[in-house]
Amino acid sequence: MTTETTPARVTVGTGDPVLRVRDLQVSYGTPNGDVPAVDHVSFSLQPGQRLGLIGESGSGKTTMATALMRLTRPPGRIVGGEVLLGETDMLKLDEKGLREVRLRDIALVPQGAMNSLNPVMRIGNQMADAIEAHEGRAARKGMEERISAQLARVGLPPTVARRYPHELSGGMKQRAVMAISTVLNPKVIIADEPTSALDVVVQRQVMQTLGRLQEGIGSAVVLIGHDMGLIAQFADLIGVMYAGRLVEIGPVDEMLTDPRHPYTRLLIDSLPKLTAKGKLVGIPGLPPALLNLPQGCAFNPRCPYAFDRCHQDVPAVQQLAPDRRAACHLYPANPALPALPASVQMDAATPLELTGPAMEGQEEVAG
Amino acid sequence: MSATPLLELRNVTKVFQSGVRKTPANMTVALRDASLVLPDGTATATAIAGESGSGKTTMARLLLGFIKPSEGQILYKGVDITKMDKAQRLAYRREVQPIFQDPFEVYNPFYKVDHVLTTPLRNFGLYAGEEQKRIEEALEMVGLRPKETLGRYPHQLSGGQRQRIMVARALLLRPRIIMADEPVSMVDASLRATILDELRKLVSEFGISLLYITHDLTTAYQVCDDIVVLYQGTVTEVGSVEKVIRDPQHPYTRLLVSSIPLPDRTQRWGEDDSAITEEQARRSTSGCRFAPRCARAMEECWTQIPPLFRVDPDRAASCFLRKDAPVLPSEQVGQVLKVMRPGDAGNAPAA
């Protein structure tokens with residue numbers, strides 16, 4: 001049983017994309033006008049590929065996850081774009097079509113397993129429910145074996161089928177949720193911070209289980225998270241979100257060693273490392289309030305590279321390489337991100353800019 | 001280094017009892033025979049690290065005097081904190097300041113944020129007549145602009161700003177010790193580093209000792225000199241953070257360190273500990289708490305509680321795999337901590 005992703009996995013993504021997201025836009029209606037929480041996001045995933053979407057609270061990553069499942073609830077609204085599962089546009093399906101597609105073609109592994117399971121139903125029955133909803137009563141035959149096999153795929157003993165959620169530990173609950181989500185072998189798995197409430201050891205086990213499961217099914221995964229380390233360990237591609245936009249996307253190794261967007265760069269530099277004790281450097285300033293985005297690039301007030309144009313025009317997404325895109329005015333003029341100008345070396349003691357009231361949503365970083 | 005430590009935990013055990021009868025099933029040992037020393041005269045940064053259920057928050061609550069130890073003593077400047085008189089307790093409450101995990105819950109939403117800064121000053125009767133000036137100074141020390149911070153309500157500030165105000169509040173009281181319980185776990189990545197850097201400055205610039213309670217070994221490594229690793233209420237490994245994290249000796253610490261997801265593809269996650277049979281995982285232990293999860297558990301691990309073995313001059317591990325090393329009695333744990341270590345006294349934390 002191999003738990004490591006071999007380098008060969010990165011090339012798994014060949015053939016037609018299984019998920020194509022084009023210009024997805026999601027807004028929240030507020031008394032002060034519509035707030036764009038996901039702003040023209042595009043990406044595509046091939047079977048077997050793992051995309052890690054990283055962003056701070058309020059960057060739109062969870063909004064994005066719910067929109068991909070078309071679970072957006074008012075005041076949220078999908079304003080435009082396409083979410084193509086093969087040839088099917090999720091955004092054009094009616095309720096019946098959606099019910100068929102969800103779980104069978106695209107499944108969500110939600111944040112906080114404890115809130116996603118029905119507390120008064122045995123795990124096995126919850127799985128049987130999901131299967132029957134899609135396959136009808138005919139599926140009852142051999143259901144028990146099927147459930148046992150599915151539990152075994154996530155490393156749980158068959159006895160778990162007879163347990164109630166409260167009888168399981170946090171890690172087991174998260175595995176049970178994964179077992180339910182993937183019981184119909186979906187083509188795309190959306191995992192929204194699946195391990196945010198778990199301890200680090202259990203987190204690793206759960207993520208490795210998810211990895212094995214996904215490799216077995218051959219589905220694509222979108223992992224939403226705020227922990228760059230976790231995403232680096234799990235994903236093939238990293239997408240960085242800032243103020244609702246996908247500001248950079250590319251293969252993990254390249255993103256970590258050669259980030260192109262200044263925000264990606266500063267985010268990586270701010271991570272505490274185990275190699276040597278260095279200066280801890282955060283990103284000065286605050287994420288912008290979505291209602292009151294700065295003119296030009298949303299990152300410009302915090303960006304050490306910002307020049308005149310950044311304060312005026314919103315940067316378009318630039319294709320830097322076949323699998324590499326960034327939305328920054330530094331490109332295509334520069335071959336790589338220039339060295340940080342010494343005159344603007346970040347100093348943690350620099351007082352924070354308080355630009356407008358920090359109107360952020362619920363904190364997504366669970367304790 | 002003076003003879004009396006600033007703060008000392010001496011063989012502290014905390015047992016929580018549920019139900020009426022004292023049956024073993026009703027007794028939860030949240031902390032067993034834990035000792036810790038913070039020296040007087042030199043500021044140190046010590047991490048108390050562990051997963052959920054490790055007893056790290058129990059230790060914090062004991063140190064803050066919210067709960068009393070079942071056995072052992074907590075001494076502040078040589079005085080047992082459960083036996084302090086009123087004046088001593090007031091001084092202790094001022095000199096040991098907490099910073100809590102959740103920067104949302106510590107504020108009363110009906111009051112402006114000024115409230116959390118002015119109240120302690122009034123309660124302790126500090127800086128009469130110049131409160132405002134001191135408050136503004138403290139805010140500037142943590143990188144906040146007083147004009148843009150004071151007069152606002154908590155919901156108008158971000159989580160990072162609210163947590164920085166808590167650091168400012170702690171600073172304002174000129175404490176000797178700051179006890180920070182997961183101070184950055186609810187703060188976004190881009191602000192996390194800044195707040196941790198401020199905590200580190202408390203030690204190096206203001207001479208305040210820091211107890212950093214966390215589940216995150218990476219930040220513990222960056223911020224602290226010493227570390228105490230807890231597992232289910234027992235100290236598994238203690239000593240220099242360099243030794244414990246770069247070269248862990250206890251199988252549990254090894255498991256923890258190897259599970260950290262590093263943003264570095266050259267250091268991939270290791271194999272998981274799937275070598276453990278279900279039979280072993282279910283076996284009850286009266287010895288080492290970690291035995292059911294330990295791939296290298298030996299027979300004695302199940303029946304005897306391993307003492308701390310002093311593996312290095314500056315590190316001890318409670319594991320029978322290292323029983324070749326001399327035993328370090330729990331109450332002498334200070335010997336492996338930074339300031340007590342010979343030849344290592346008084347160093348400021350590495351910048």
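Residue numbering restarts at 1 for every chain, and letters A, B, ... go by the order of the sequence lines. Note: hydrogens, waters and symmetry copies are ignored here, and every other heavy atom, side chains too, is used.
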With a sphere of 6.0 Å drawn around CZ of B/Arg246, does it hold more than 12 non-hydrogen atoms of other residues, nucleotides or ligands?
yes
Quick one: does any side-chain atom of A/Arg204 pair with a main-chain N or O of B/Pro261 as donor and acceptor, under 3.5 Å?
no
Determine, step by step, whether A/Leu53 and A/Met241 satisfy the side chain to side chain contact (heavy atoms under 4.5 Å, CB included) criterion, reporting the C-alpha distance in whole Å, the side-chain angles of both residues, the deciding distance to 0.1 Å, and the verdict.
CA-CA 7 Å; A/Leu53 272 184; A/Met241 294 200 63; 4.2 Å; yes
Answer with side chain, backbone, both or neither: which region of [X] has an atom nearer than 4.5 Å to a non-hydrogen atom of chain B?
X        : value
A/Leu267 : side chain
A/Leu271 : side chain
A/Asp269 : neither

Side chain, backbone, both or neither: which part of [X] has a non-hydrogen atom closer than 4.5 Å to chain A?
X        : answer
B/Asp216 : neither
B/Glu182 : neither
B/Leu139 : neither
B/Leu196 : both

Quick one: list whatever passes side-chain hydrogen bond (donor to acceptor under 3.5 Å, both in side chains) with A/Tyr28, sequence neighbours left out.
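A/Tyr28: side-chain hydrogen bond (donor to acceptor under 3.5 Å, both in side chains) contacts with A/Thr63.
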Please name all residues satisfying side-chain hydrogen bond (donor to acceptor under 3.5 Å, both in side chains) with B/Glu237, sequence neighbours left out, ordered by chain then number.
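Counting only residues at least two positions away or on another chain, B/Glu237 forms a side-chain hydrogen bond (donor to acceptor under 3.5 Å, both in side chains) with B/Thr253, B/Arg315.
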Kindly confirm or rule out a cation-pi arrangement of B/Arg293 over B/Tyr252, judged by NZ or CZ under 6.0 Å from the six-membered ring centre and within 45° of its axis?
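The answer is no, since B/Arg293 fails at least one limit relative to B/Tyr252.
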